[in-house]
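Notes for the one structure printed next.
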Amino acid sequence: MVEKKTNGQKIHDYVYNVKPILNKGGLFADGSKYYVSPHEPDVDQDVNVRFRTTADNVDEVFLIYNEEKIQMTKESSNRIFDFYTATIPGGLPFIRYHFEIHSGRVTCFYDKLGPTKQNDREYDFEICPGFKVPEWAKGAVFYQIFVDRFCNGDTSNDVLDNEYAYIGTGSVQVKDWNQRPSTMDVGRFYGGDLQGVKDKLDYLQDLGVDVIYLNPIFVSPSNHKYDIQDYDYVDPHYGRIVDDEGDCLPGGCLENKQSSRYINRVTNKKNLEASNQLFAELVEEIHKRGMKVILDGVFNHCGSFNKWMDRECIYENQEGYEKGAFVSKDSPYNTFFKFYNDNAWPYNTTYDGWWGHDTLPKLNYEDSPKLVEYIMKIARKWVSPPYNADGWRLDVAADLGHSPEYNHQFWREFRRNVKEANPNAIILAEHYGDPKSWLKGDQWDTVMNYDAFMEPITWFLCGVEKHSDEFRGDLLGNYDAFKGAMNYHMSRFLRPSIDVSMNELSNHDHSRFLTRTNRKVGRLHTMGADAADQGVDKGIFRQAVVFQMTWPGAPTIYYGDEAGVCGWTDPDNRRTYPWGHEDKELIQFHKDMIRIHKSYEALKSGSVLYLHGGHKILCYGRFTDNKQVVVIMNTNYEDVDLKLHIRQIGVYNHSILRRVMLTNEEGYTLEPQDFMVEHNVLTIKAPKMSAMVLVRA
């Protein structure tokens, strides 16, 4: 006879015998140092992997790595979570892993994209034993300087009017520091130099900068210097000119071999050695202040002025220099370039130019072991004594070479050389698109983070493309598009590469972020310079800076952004720093946000979880095992009431969250305000057009 149960007995049996529904919000791992130990293991080290679940919510957790599957052990618990661990034995060259979770009849997988019914191995977590990124760069605040436009510290080295000719016109010395760039700006010089950088180190240190990234500083004829003339020396126009004999070009003359002044300035070893010495002194002073400096490496192409090519014939008759490949077929540099007509010497113009530009000869590594050896020597030279730079930013790094296979081979060799010379040097590449094949631990440390930072936050806050070339109303405030882009593109990184990724809002190749806040499409030649300053919204800019200083990676300020500089894309984004006309409130805001960034380990190395999102609403948490930070952005033009379930980042009920930053349309406040978590929910009003940062007290 079957015993009939009362309703109370049935409820009792259900409560005590049936597992609760799987709480997917409690599942978490991210490959950070809180979930992988050691975080950057040596090849022979065992690796401890950790996984989090809601307390008493699952039956089993399995770690699936490479072709192995092992059951994880519950290591510890707190009032909210259980933590499971398992060990992967050392000796594996590369580790791919994900998790399998069982709760009653439910099976769930977990990878870089979070909980999923079916695991896609493409989104497995990855560990590369032996891969290490510089500790100093993790969460560091970088500051990018376009040298000619930052500060003129030595007027005696300024480029002179008609000192030489470039792209069919004589050089121009701009006398008015506050004059806007022109549409044809490449040969116009404002006089910024390394002495100017040195003079402003107090300012940079007070701002909170950890690392200075210098756009190219080597001998080059342009103001941007991505057309290197001599990799061995700092340009005396940025350095020191101790021998300044000679004459500029005669009126109307464009033949640079007639400019004895320019030739003496950039080929005289006295000037070149003095300029290198100034750089060594600058680095020493930067290091004394506890800061770092990285250089821009342009190794895909050089310039037509380069001493190996010598298209301008300025080295042809100079003592101590070999004949350039343009000048003579017998040049020792002949194989450094690809020539298409073997019968066109002397003065052979049939060389391969990058994207067809004859001012940018492409370097021909595959056919020239000597060139490879030379560039590897350069790679080592500048990160070694007496210069001691702290790493390289690599220009158009994916373009180098004539095939993908060679490109990867080159960067493996480059990494070996740099890391042998300076194990703490960073290798950071400019790259658009998927960087995964370069971020496997054997080539680059990380990238300039366009796809997983600059682009998504620009669309979300401004609705414009990062050059201000397109407006997309469907992406403005689109939380789902933002989250999807960030999740996908961040999944292409090894976790250490995320920790040091260069997170910029603006730089020398894109419009200034403050200009993007006007949501206009345009460039200098279509709209004019004044339009870049019109209709800008500092409230949106402050929201972007809050995001920059609270998101995983290395926040990077483009010189002058902090002072309110506007500008369309290149060349208008290269306006001078407005000394004496700075937006001091914006500078102070940057100081305060940098201080907040540095005050909490959760913002430098912690995990990140989305807490809530909606139309023009973005909320996320940064957290470690014992500290939590909540960031809320409301880009609506009205207040929004929010209820945030913040147990998932480890905040207990009845905890106090203290607001440490609130921005709005008019400005910002640091006045603290406390909010209590009740019923495991943070109930809070997000003011219109605001960003706020709250820290668990």
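As the structure is a prediction and not an experimental result, all values here were calculated from the model. Heads up: numbering here begins at 1 and tracks the sequence.
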**Request:** Give a yes-or-no answer on whether the side chains of Asp330 and Trp345 include a donor-acceptor pair shorter than 3.5 Å.
**Result:** no
**Item:** Flag if over 12 foreign heavy atoms under 6.0 Å of NZ, Lys440
**Value:** yes
**Item:** Carboxylate-amine/guanidinium proximity below 4.0 Å for Arg261 and Glu163
**Value:** no
**Close aromatic pair by centroid cut-off 6.0 Å: Phe414 and Phe299** = yes
**Request:** List the steps, then state whether side-chain contact (heavy atoms from CB on, under 4.5 Å) holds for Asn449 with Met502.
**Result:** CA-CA 5 Å; Asn449 200 1; Met502 183 179 274; 5.6 Å; no
**Message:** Can you pull out every ring pair (Phe, Tyr, Trp, His ring centres under 6.0 Å) where at least one residue sits in residues 197-224? Sequence neighbours excluded, please.
**Reply:** Tyr203-Tyr577, Tyr203-Trp579, Phe218-Trp382, His224-Tyr226
**Message:** Before we go on, tell me: are the rings of Phe326 and Phe337 under 6.0 Å apart, centre to centre?
**Reply:** no
**Message:** Which residue in the set Pro361, Ser222, Pro216 passes side chain to side chain contact (heavy atoms under 4.5 Å, CB included) when paired with Asp227?
**Reply:** Ser222
**Message:** Salt bridge check, Arg415 against Asp442: does any charged N sit closer than 4.0 Å to a carboxylate O?
**Reply:** no
**Message:** Between Arg512 and Asp561, does any side-chain N to carboxylate O distance fall below 4.0 Å?
**Reply:** yes
**Request:** Just do the salt bridge (charged side-chain N to carboxylate O under 4.0 Å, His left out) check on Arg393 and Asp395 with the steps written out, would you?
**Result:** CA-CA 7 Å; Arg393 177 268 189 188; Asp395 185 56; 3.2 Å; yes
**Message:** Can you confirm if the aromatic rings of Tyr558 and His510 lie within a centre distance of less than 6.0 Å?
**Reply:** no
**Message:** side-chain contact (heavy atoms from CB on, under 4.5 Å), that's the test. Do Trp177 and His581 meet it? Break it down for me.
**Reply:** CA-CA 12 Å; Trp177 180 258; His581 307 283; over 6 Å; no
**Item:** salt bridge (Lys or Arg N to Asp or Glu O under 4.0 Å): pairs with one or both residues in residues 368-385, sequence neighbours excluded
**Value:** Asp232-Lys381
**Message:** Holding to ring pair (Phe, Tyr, Trp, His ring centres under 6.0 Å), I want the full list of residues that pass it with Phe146, two or more places apart in sequence or in another chain.
**Reply:** none
**Asked** Think Lys269 forms a cation-pi with Tyr321, using NZ or CZ under 6.0 Å from the six-ring centre and within 45 degrees of its axis?
**Response** yes
